[in-house]
Structure formats: structure tokens, C-alpha cells
2 protein chains.
Amino acid sequence: MADSAKEPAHVLVWSKERRAPRRQAPSVEQIVRAAIAIADAEGLAALSMRRVAADLDSGTASLYRYVAGRDELLDLMIDAVEGETGPPPLSGDWRADLTGVARHVRATLLRHPWLSSELTGRPALGANSLRQQDVALTAASALTPDITLAANVVDTVRAYVFGAVARDLAEEQAQRRSGLTEDQWRESVAPYIREVIDSGAYPQFARRVAEAEDAAPEERFEFGLACVLDGIAARADAAS
Amino acid sequence: MADSAKEPAHVLVWSKERRAPRRQAPSVEQIVRAAIAIADAEGLAALSMRRVAADLDSGTASLYRYVAGRDELLDLMIDAVEGETGPPPLSGDWRADLTGVARHVRATLLRHPWLSSELTGRPALGANSLRQQDVALTAASALTPDITLAANVVDTVRAYVFGAVARDLAEEQAQRRSGLTEDQWRESVAPYIREVIDSGAYPQFARRVAEAEDAAPEERFEFGLACVLDGIAARADAAS
DNA sequence: GCCGTTTGCGAACACCGTATCCATAGAGGA
DNA sequence: TCCTCTATGGATACGGTGTTCGCAAACGGC
């Protein structure tokens with residue numbers, strides 16, 4: 001429309017008006033869905049405009065009628081996956097609710113391994129992302145009426161969750177990129193790790209590898225989450 | 001032969017174009033340094049093999065004599081920046097030391113805005129990265145002799161730091177990508193935020209935007225870090 | 001049935017990472 | 001001094017990428 005043409009060049013992607021397809025055109029949702037399917041199955045590297053178009057049996061250039069470019073497509077993908085599962089129900093118990101929110105965010109990030117990579121360096125301001133944040137703020141409001149404190153609490157929990165998942169995903173991603181099986185990859189890394197340990201320059205790291213029992217990812221996640229929530233509880237008590 | 005065939009026939013032998021003189025070899029460190037400089041100044045998107053070669057006055061293909069490919073170059077860049085500042089000195093006070101480590105990691109991530117993006121989906125196993133981890137483990141060992149617990153503690157702190165920095169960097173990165181100034185970007189986002197708030201569908205988020213005082217990034221970081229460390233202290237006490 | 005608009009998309013452009021291949025510089029032997 | 005041999009720099013090419021342009025075909029309102 002002439003209206004949107006007159007708007008500043010940087011109308012935010014999530015509030016842009018999308019035109020409806022005349023015929024059996026791809027439509028934004030179909031494009032986003034196809035792109036997510038590709039990224040889930042084959043990784044972000046396999047996600048190209050041509051590939052999406054091919055999966056939709058459409059011409060590459062046609063996609064640009066519905067999506068401004070790859071970058072915008074990525075933004076839309078992020079918001080789409082954040083909306084695919086409704087936010088967890090709240091009980092009013094702040095700790096249980098924030099735990100639920102944290103697990104929910106973690107599950108989403110794990111379901112789409114490309115998501116955390118894409119989320120670094122890209123603020124999530126889509127409707128679904130904001131819904132998640134709103135729910136988290138509601139949960140934290142049961143702890144304190146102070147919205148500033150609640151916001152800090154939510155940000156802290158989300159930061160931890162994101163970092164923890166990114167750490168867990170890193171190895172998996174590297175392995176996937178190498179194209180090796182999990183065992184092959186482990187074997188290819190082992191000699192290097194042994195060399196590092198044998199150098200004697202990293203005594204604590206060596207001790208960790210040799211002696212520490214490595215728990216399942218969920219357990220490590222829950223440990224850290226419990227720490228964070230403990231700390232929040234202590235701080236909220238002190239403030240009130 | 002092929003040369004003279006391409007040249008016009010009248011060009012005499014002594015005026016024929018001679019091969020460019022050999023230049024000095026780039027060496028791995030120079031390549032990595034140049035790549036980091038580009039990524040720091042212009043972002044990861046501007047980092048291409050051709051660009052690095054151009055900055056070094058060398059041919060693109062020459063880089064491959066020293067580096068296996070772009071992927072390996074990125075791994076080397078990560079380890080290089082993790083080694084550019086020595087790890088913070090330790091005092092033996094676990095809380096002070098872990099705080100120092102956390103601030104150190106944060107400073108490194110902020111100094112190189114591309115680092116966090118690259119670190120998601122890439123385990124850091126370089127010598128310098130391992131040194132950082134070893135120091136962190138040493139700090140945590142003052143809290144507990146249990147290496148498993150110490151490892152969990154370090155992982156938790158690192159996860160929080162990473163997530164917190166990624167969150168802070170996201171907006172900056174998006175703005176940089178848009179090519180607008182900070183003010184322009186803020187102005188382009190404002191109408192959308194207002195629209196979202198006016199919709200009434202996100203009451204807590206609206207309250208946050210309207211009422212919460214947004215602290216400086218450092219303060220938010222320190223708040224969350226304090227929570228995490230409080231929780232760790234509580235948990236370590238309970239375990240012993 | 002016509003006409004202005006919307007839509008699909010082939011082709012082209014400017015890049016990208018990387019492999020191949022060859023001329024040459026420099027070292028070492030004669 | 002010359003020659004040979006090898007390691008190295010880099011031009012070139014290949015198969016991708018995101019994106020733009022311009023045109024033909026389809027559609028909706030008249």
C-alpha cells in the first residue's frame with residue numbers, strides 16, 4: 001500500500017501488515033513453517049531462500065513478496081517457535097511458576113537447536129516472545145509487587161536458562177557440523193583432551209575430567225536453576 | 001604463452017606485465033589478528049576470507065596454507081580473544097574470586113560483540129579457554145573440595161554470565177545490523193512498543209515499561225550475579 | 001471485456017567459501 | 001655459478017548464497 005510505503009523504512013517486522021495471498025500463494029505462515037522444518041532437520045546452514053522455495057514448489061524470488069529477506073524470515077521463525085507451545089499455567093507459587101517458565105523456555109530452545117544461536121544478537125520482540133515475558137513477570141509478581149525487582153528476577157532466570165542451554169547445545173552443534181556420529185566425534189576429541197591433561201598445565205580441569213561425575217544435562221540444569229531461585233528468594237526476603 | 005596470447009601483439013617483451021612480486025607470508029597469528037580486527041570493527045557479517053586477505057595484502061587462496069577454512073579461523077579467533085587478557089588473580093575467597101571471573105568473562109564478551117554469537121554452537125576447547133575454566137575451578141575449589149560440586153558451580157556462573165551478556169548485546173547487535181544510529185533505532189521501535197502496550201494483552205510487560213526503572217547494564221548484571229552466588233552459598237552450606 | 005493492479009518468478013548481479021593448478025622464489029647441492 | 005627441487009603465493013574457476021529487476025500472467029472492479 002501507499003501507506004506502508006510512506007512509513008519509515010524500518011517498520012518493525014512483527015507489526016508490518018502482511019498482504020493476503022490471492023491464489024494458492026505460499027503465504028507467510030507457510031514460508032515460516034517450511035523454514036523452521038528445514039532448520040530443525042538440517043541446521044541453519046541448510047536454510048537458504050532457494051531451499052525454502054524449493055520445498056514450497058515456488059520460485060525463489062516469490063518469497064520476497066511475503067518476506068523482506070532472510071533476516072526478517074529469521075525473526076519470524078523465532079516468534080513462531082516461541083508461540084508453538086502455550087505458556088505454562090501459573091499456580092501463584094512464584095518459585096514453582098518460575099521453575100515452570102524456565103523449563104518451558106529450555107524445552108523450546110532444545111526443540112529447535114538453531115534457536116539459541118539465532119537469539120544471540122537479536123532481541124525477541126514478537127508477540128509470542130512478549131507473551132512469554134509477560135507470563136514470567138506475572139509469576140514473579142507473586143514474589144514481589146515491586147515491578148523493577150520482578151523484572152530483574154525474570155531477566156536473571158532467563159539469562160541463566162539461555163546460557164545453560166547454549167552450553168549444552170554447543171557440543172551437539174559442533175558434532176553435527178563435523179558430520180560425525182557421536183562416538184566418532186568423542187573419539188576425535190579424546191586424544192586432544194588427553195594431551196591437554198597430560199601437559200599438567202590445567203590441574204583443576206584434569207581433576208574435573210578424571211574425577212567429577214558428569215550428571216545428565218537436566219540435573220545440571222536443575223542444580224543451577226535451584227541456585228538461582230535460592231538466591232532470588234534470599235534477596236527478596238532481604239528487600240522486604 | 002597464454003600470457004602473450006592474451007596481450008595485444010604489439011606489446012614488447014620488456015614491457016610485458018610481470019608477475020606481482022612475492023609478498024611476505026601472513027602467518028597464522030597475523031591472519032587471526034586481522035580477522036578479529038574486522039569482526040570487532042564491522043561485525044561478523046563483514047568477515048570474509050577475501051576481506052581478511054585484502055587487509056593483509058595477500059591473495060585469498062594463500063590463507064588456506066595457514067588455516068583450514070573459515071570455520072577453523074573462527075575457532076582460532078575465539079581462543080585468541082580468550083587469551084588476550086590474563087585470568088584475574090585469585091584471593092582464596094571463593095565469592096570474590098568467582099565474581100572476578102564472572103566480570104572478566106563478561107568484559108571479554110562485551111569487548112568482542114561477535115564472540116557470544118560465535119560461542120553458541122561451538123564448544124571452546126582452546127588452550128586459553130581451558131585456562132579460564134581452570135582458574136574458575138580453582139576459585140570454586142575454595143568453596144568445596146568436591147570437584148563435582150565445584151564444576152556445577154562454575155558451569156552455573158558461566159551460564160548466567162553468558163546469558164546475561166547475550167541479552168545485553170542483542171539490542172546493540174540488532175541496531176548495528178539496521179545501520180541506524182541509536183536514537184533512530186529507538187524511535188523506530190517506540191511506536192511498535194506503544195502499540196503492543198495499548199493492546200492491553202501484555203499487562204505486566206506494560207507495567208514494566210511504564211513503571212520499572214531500568215538500571216544500567218552493569219547493575220542488572222551484578223544483581224543477577226549476586227543472586228546466583230547467594231544461591232550457591234546456600235547450597236554449599238547445606239551440602240557440608 | 002477491459003484495465004490497472006497484484007502476483008509469480010527467470011535471469012542476472014555481487015558476493016561468498018573453497019579446490020585446483022601453475023609460476024615462481026628460495027634453498028641446497030654440484 | 002648454475003641447476004634442480006620444493007614450498008609457497010595466488011589467479012582462476014566452481015558451485016553456492018541473498019537479493020533485485022523487469023516482465024508476463026492472473027486477478028478484481030468496472
Side-chain angles (χ1 to χ4, degrees), chain A residues 1-5 9 13 16-32 34-35 38-39 42-77 114 118 122 177-179, chain B residues 1-7 13 16-28 30-32 34-35 38-39 42-77 114 118 122 177-179:
Chain A
M1 262 294 184
D3 282 342
S4 52
V13 293
K16 251 202 241 178
E17 242 173 73
R18 308 278 165 190
R19 65 173 114 237
R22 291 282 184 213
R23 253 171 57 97
Q24 36 74 267
S27 91
V28 181
E29 294 96 61
Q30 280 180 27
I31 293 173
V32 172
I38 294 169
E42 302 169 50
L44 263 186
L47 181 71
S48 71
M49 300 301 271
R50 286 173 224 271
R51 178 65 202 286
V52 173
D55 279 16
L56 291 170
D57 282 322
S58 114
T60 308
S62 306
L63 302 184
Y64 288 85
R65 295 268 178 209
Y66 298 92
V67 155
R70 195 186 130 102
D71 229 52
E72 182 175 304
L73 176 55
L74 257 356
D75 278 329
L76 293 171
M77 288 168 66
W114 49 269
E118 219 38 53
R122 206 181 280 273
R177 212 175 21 249
S178 73
Chain B
M1 201 83 145
D3 279 339
S4 51
K6 269 193 283 180
E7 303 262 352
V13 258
K16 262 200 294 191
E17 198 181 306
R18 301 291 172 189
R19 297 269 163 196
R22 206 158 249 243
R23 311 180 194 274
Q24 58 178 5
S27 92
V28 181
Q30 280 180 20
I31 293 173
V32 172
I38 294 168
E42 302 170 48
L44 263 186
L47 180 72
S48 72
M49 300 301 273
R50 286 172 223 269
R51 178 65 203 283
V52 173
D55 279 17
L56 291 169
D57 280 322
S58 116
T60 308
S62 306
L63 302 184
Y64 289 85
R65 297 263 177 213
Y66 299 90
V67 155
R70 195 187 129 102
D71 231 52
E72 183 176 304
L73 176 56
L74 287 170
D75 278 329
L76 293 172
M77 287 168 67
W114 48 270
E118 218 38 53
R122 206 181 281 272
R177 212 176 18 249
S178 74

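Sequence lines set the chain letters: A, B, ... in the order given, protein chains first and strands last, and positions in each chain run from 1. What you see is a predicted model; the values in this text were computed from it and never measured.
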**Q.** Distance below 4.0 Å between A/Tyr66 side-chain N/O and C/dT7 OP1 or OP2
**A.** no
Between CG of B/Leu63 and P of C/dA19 the distance, given in whole Å, is 13 Å
Is there a side-chain contact (heavy atoms from CB on, under 4.5 Å) between B/Tyr66 and B/Gln30? Walk through the geometry before answering. CA-CA 10 Å; B/Tyr66 299 90; B/Gln30 280 180 20; over 6 Å; no
By salt bridge (Lys or Arg N to Asp or Glu O under 4.0 Å), B/Arg122 pairs with (sequence neighbours left out) B/Asp71, B/Asp75, B/Glu118
The reported gap from CG in A/Leu56 to OG in A/Ser62 (rounded to nearest 0.5 angstrom) is 10.0 Å
Query raised in the report: Are OP1 or OP2 of D/dG10 and a side-chain N or O of B/Ser62 less than 4.0 angstrom apart?
Result: yes
Those residues at least two apart in sequence (or on a different chain) that pass salt bridge (Lys or Arg N to Asp or Glu O under 4.0 Å) with A/Arg51 are A/Glu42, A/Asp55
Apply side-chain contact (heavy atoms from CB on, under 4.5 Å) to the pair B/Leu44 and B/Leu74, showing each step before the final yes or no. CA-CA 10 Å; B/Leu44 263 186; B/Leu74 287 170; 4.1 Å; yes
Nearest heavy-atom contact between B/Gly69 and B/Tyr64 is CA-CE2, 3.8 Å
Just the table, please: protein N/O against nucleotides 16-18 of chain C N/O, every pair under 3.5 Å.
unit_1 : atom_1 : unit_2  : atom_2 : d
C/dC16 : OP1    : B/Ser48 : OG     : 3.1
C/dG17 : OP1    : B/Met49 : N      : 3.2
C/dG17 : OP2    : B/Met49 : N      : 2.9
C/dG17 : N7     : B/Arg50 : NH2    : 2.5
C/dG17 : O6     : B/Arg50 : NH2    : 2.5
C/dT18 : OP2    : B/Tyr64 : OH     : 3.1
C/dT18 : OP2    : B/Arg70 : N      : 2.7

Rounded to whole Å, the CD1-P distance (A/Ile31 to C/dT7) equals 12 Å
Whole-Å distance, A/Gln30 CD to C/dG8 P, equals 11 Å
note: A/Arg65, atom CZ; D/dC21, atom C1'; distance rounded to Å ~ 10 Å
